[in-house]
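This report concerns only the one structure given below.
Remember, it's a predicted structure, so these values are computed and weren't measured experimentally. Just so we're on the same page: letters track the sequence lines, and every chain starts at 1.
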Amino acid sequence: MTDLLGVWVGAMLTLLVFSYLLGDTPLFRIAQAIFVGVAIGYAATAAIFLVLLPMLFDPLIENPINNGYLVVPLALGVLLLTKLRASWAPIGNSSIAFLFSIGSALALGGALDGTLLPQLSATIVPLDSLENVLLVFGTIGALLSFRFVQPQPPGAGTRTLQAVGRAWSRVGRWFVLIAFGAIFASTAISRVSILVSRVYFLAHDWLQVVK
Amino acid sequence: MPSAQELESGDWITQLRPPKHVASEANPSAEPPRATAPHADAVEIAEEDLPDWLRTPPALPTQEPAAGVAGEAPSWMADLRAEQERVQAAAQAVSHAPRELPDWLIAKHPADTQQDTGAPAPAERAAPPPQEPDLLEPVSPAPVMQPPVPTECYAIPTAESATPAESRTELPNWLKDASAPATTEPAAPKSQELGWLKPVTVAPEAPPVPTVEAEIPDWLRALKPEIEKPAAPTDAVPASEAEPQRGEELLESLEVAAFPILPRDVEKPAWLTETPGTEISEEEYLPDWLRTPIAGKGAPAEAELPAAGTPGSEAGEVPDWIAALKPVKRPDIATFESEPLEMSGPLAGLRGVLPLATAVTEPHTPSKPPAPTPFKETAHLFDSILTAPAPAPVAPAARTQPRIWTMRPLIYALMLLAILIPFAIPDIANPSLRIVGTPAENFYETIQALRPNSLVVLAFDYDPGSAGEMDLQANVLVRHLMSKRVKIAAVSTLETGPQIAQRVLENATRRHGAGQYTYGVNYLNLGYLPGQEAGLAQLATAGFAPTARDYEKNQTLDKYPEFANVRNWRNVDLLIELAGSAEPLQKWMEQVQPRAGVKIVAGVSATAEPRARAYRSTRQLGSFISGVVGAAQYEVLSNQRGLAVISAGAQNTALMVLLGVIVVGNLALWVSRGRGKTK
């Protein structure tokens, strides 16, 4: 019974969202409001029952001596509540500063160690295959396409170098466009997959017209 | 010869009285009667005509008033008084005045003296003709005879006791300058002419001074015209004309120098303001020699003002020359109050000193002339337009694009059929998936290489929005992992992740691992991992905390001994990241992979495939499967053909429809443009 009710609720909400194909209808707005409300409610419930209670209050209540260090995040969290009132908002700046500083430091360090340096090292490959040549050529060209500097006065050697740079940057721009096209195509394929999933749900779980 | 004591006590004045009054009872020890003055004989002075101070000269308080004066007058004035007394005593010692008249009387009436004595006194002959100090000539244009006042009342040096130069040393510098031309010729000492000095020395305890004109004896009054003649402001003296002009200039300089906004009391000396009975009026501030130029500015004329030192003047009034120091009230002071007040800088506290500020604050006159008539007409037109009633709303024109409305349902219908047909007829839309050499093959081999009871951390980092795509991967992966009998520890960095993980694990357990997989033994849902990058970094550094609680039973990790080794990443054989977008995958690759060094494979949505390929190229990511196609590949590899393969077929069909629509649409547009150009 519960599964049947869930299927019907899901089916109705799916149809409400599909009503957007006919335009910005009130039905779609109802589904949108329900989705936003449910998402926020679920996030709040999850924050309370998955974070605050099991990770903060329960340890403090059960063993406050050994878990006394949890007072610090509790105080920072309480200070965040002062952001609800404009006159008290500056009090919560310390918590915001703590969050932003820690998050920024970790993100920057992680980007360097986890993405930038490994990607840079991945471009240092022997040019013994067409794939590697295209990799190096396309990477340099893509970087040259983001070169926004004023051309230097023409000289003996700079004229040729500038011409090569301009040509290379144009080719690199095509690499960038192809990458953007691939990302867009992947996104479109992903959305079509979701559409297939919803249609299968309506046809299989709700209407049961397909196996 | 009168002594100094007599001078102080006013005995010399008794000589002016008839002999019968000299030997009065009040002064029995007085000297024998002396010769009466000739003019006294000529004028019959009655007893009742004499002022009080002349009637009882011995009874005049001599010492006490002097003490009182000395006590209230400045010290310099007391010194000067002593000097005057000494000089007067010396002068009278050498004087041969026949009737002991004061020098100033003798000097004023040499004819009378000669008439009586037949020859002037040697001292009078030798002395220069009596005249006022030069500096006072323009100041006191109309001197009148002063009644004899006890000398102790004169607290400042007279011309007799000090030379003009010495007198100037006691005067202010500005007064010295003003009187500089007059000092060229030494003036005879004439203390009686210094009427402007008299009010300074008057003290409350001083003997009463006859100030009423009626109290002046007739014989003294008769002398008045004769005395006034030489002292009257004469035009013959050039300096008398120059001095008023100089005084006017000096007055103007004082007016300019004085702060107009300051109260006048500030300028008054303390000793002057504290002296009782010195009520000073506005007109009495200025000395006589300064009043003359002011008269031309609208001030009371000199003739209308009571002359300083005249009998009509009151005792204790402020000398005019001191009153002249008081800043003159400017008539337009009220205008300064409306001007800006300087609040900072050296001009702080002053008002209206900067004309520019006043000019700025004043309303500016319009630089443009008033609007001509055409502007007003246009203004009326604009006003009529605004006030006119709004026209009735016109219904929007009906869309003239019926072809779009007809095409949209057609496209929707084509898409629906393209999706439903593969589900209805799976054999028709069976995709020909390429398996060999794909990342899915490497992914499968990695899972296949796991030993039983290996620990696998499965991260469900996707939300319900991408569950239609990611659930296919999760289902096939969990089935494969359960077939391999590995331990599954689920975790998520999203709030909705634990619920999805629990649903996927329960479904897989119910359908494929029933009776073989038990919660807490074979699989565990560790729930939500908060903190984003910070949480992942802590997880990579310290592993799962023993106080971490699971999602299903909300118990600490130490309650599950089968998963005790999950605290250390060394015990984790594989990390499978199921990312619905690129961001969770990037966080795991940046925070966990470099720190934990654990092997990571990923199942990502088609959206995150480009990012996953980048990490795979750097060998940070072992392998991955992407989207529905990756799930289908994995089903084929794991020999579990099912929904993912059918969904991949439906997706391919839908994509073919979309491709056909795009091609047909562009062809139609191209054809329509060609027709338009031909027309």
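Annotation: B:Tyr412, atom OH; neighbour count of heavy atoms from other residues, nucleotides and ligands within 6.0 Å is above 12. The environment of A:Phe35 atom CZ is sparse: at most 12 non-hydrogen atoms of other residues, nucleotides or ligands sit within 6.0 angstrom. Annotation for B:Arg567: atom CZ counts as buried by contact number, over 12 foreign heavy atoms lying within 6.0 Å. Dense packing is recorded around CE of A:Met12, with more than 12 heavy atoms of other residues, nucleotides or ligands lying under 6.0 Å away. The neighbour count for B:Glu506 CD, taken as heavy atoms of other residues, nucleotides or ligands under 6.0 Å away, is above 12. Other residues, nucleotides and ligands contribute only 12 or fewer heavy atoms inside 6.0 Å of the CZ atom of A:Arg29. For A:Phe201, the CZ atom counts as densely surrounded, since its 6.0 Å shell holds more than 12 non-hydrogen atoms of other residues, nucleotides or ligands.
Proximity to chain A is absent for every atom of B:Leu472, based on heavy atoms less than 4.5 angstrom apart. For chain A, the nearby parts of B:Gln499 are the backbone and the side chain; heavy atoms of each come within less than 4.5 Å. Contact of B:Tyr615 with chain A is made through backbone and side chain together, with heavy-atom distances under 4.5 Å. Heavy atoms closer than 4.5 Å to chain A are found nowhere in B:Ser626, neither backbone nor side chain. Both the backbone and the side chain of B:Ser647 come within contact range of chain A, judged by heavy atoms closer than 4.5 Å. Heavy atoms of A:Arg191 lying under 4.5 Å from chain B belong exclusively to its side chain. No part of B:Arg611 comes within reach of chain A, as not one of its non-hydrogen atoms sits under 4.5 angstrom from that chain. Within the 4.5 angstrom heavy-atom criterion, only side-chain atoms of A:Val51, from C-beta onward, approach chain B. Residue contact with chain B, scored on non-hydrogen atoms closer than 4.5 Å, is absent for A:Glu131.
Proximity of B:Ile419 to A:Leu195: side-chain heavy atoms (C-beta onward) are separated by under 4.5 Å at one or more points. At least one side-chain heavy atom of B:Pro530 sits less than 4.5 Å from a side-chain heavy atom of A:Met55.
Note that the CD atom of B:Glu590 and the CG atom of A:Leu106 stand 10.5 Å from one another [nearest 0.5 Å]. B:Met415 contributes atom CE, which lies 10.0 Å from atom CG of A:Leu21 (distance to the nearest 0.5 angstrom). Here A:Ser197 contributes atom OG and B:Leu643 contributes atom CG; the two are 8.0 Å apart, rounded to the nearest 0.5 Å.
Nearest heavy-atom pair, B:Ala614 versus A:Gln119, reported as atom, atom and distance to 0.1 Å: O-NE2, 3.1 Å. Across every non-hydrogen atom of B:Glu469 and A:Ser190, the tightest pair is OE1-OG, 2.6 Å. Here the closest non-hydrogen pair linking A:Ile183 and B:Pro610 is CG1-CG, 3.8 Å. In plain terms, the two heavy atoms of B:Glu609 and A:Ser186 that are nearest each other are OE1-OG, 4.5 Å. Across every non-hydrogen atom of B:Glu533 and A:Ala107, the tightest pair is OE2-CB, 4.5 Å. The two residues A:Gly110 and B:Gln591 come nearest to each other via the heavy atoms CA-NE2, 3.8 Å.
No side-chain donor-acceptor contact under 3.5 Å links B:Gln593 to the backbone of A:Gly114. Side-chain atoms of B:Glu495 never come within 3.5 Å of backbone atoms of A:Tyr42 as a donor-acceptor pair (strictly under, hydrogens ignored).
Highest contact tally toward chain B, considering only A:Ala39, A:Ala46, A:Ala43, A:Ala111, is held by A:Ala111 [criterion: heavy-atom pairs under 4.5 Å]. If you tally non-hydrogen atom pairs under 4.5 Å between each of A:Leu99, A:Asp113, A:Leu53, A:Val192 and chain B, the highest count goes to A:Val192. When the candidates A:Thr115, A:Ile194, A:Leu50 are compared by the number of heavy-atom contacts under 4.5 Å with chain B, A:Thr115 comes out ahead.
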For this session: Report the C-alpha separation of A:Val199 and B:Phe423 in whole Å, then their side-chain angles, then the decisive distance to 0.1 Å, and conclude whether the side chain to side chain contact (heavy atoms under 4.5 Å, CB included) test is met.
Result: CA-CA 10 Å; A:Val199 171; B:Phe423 286 104; 5.7 Å; no

Exercise. Are A:Ile189 and B:Gln651 close enough, and set up right, to give a side chain to side chain contact (heavy atoms under 4.5 Å, CB included), and what steps lead you there?
Worked result: CA-CA 8 Å; A:Ile189 292 173; B:Gln651 176 180 287; 3.4 Å; yes

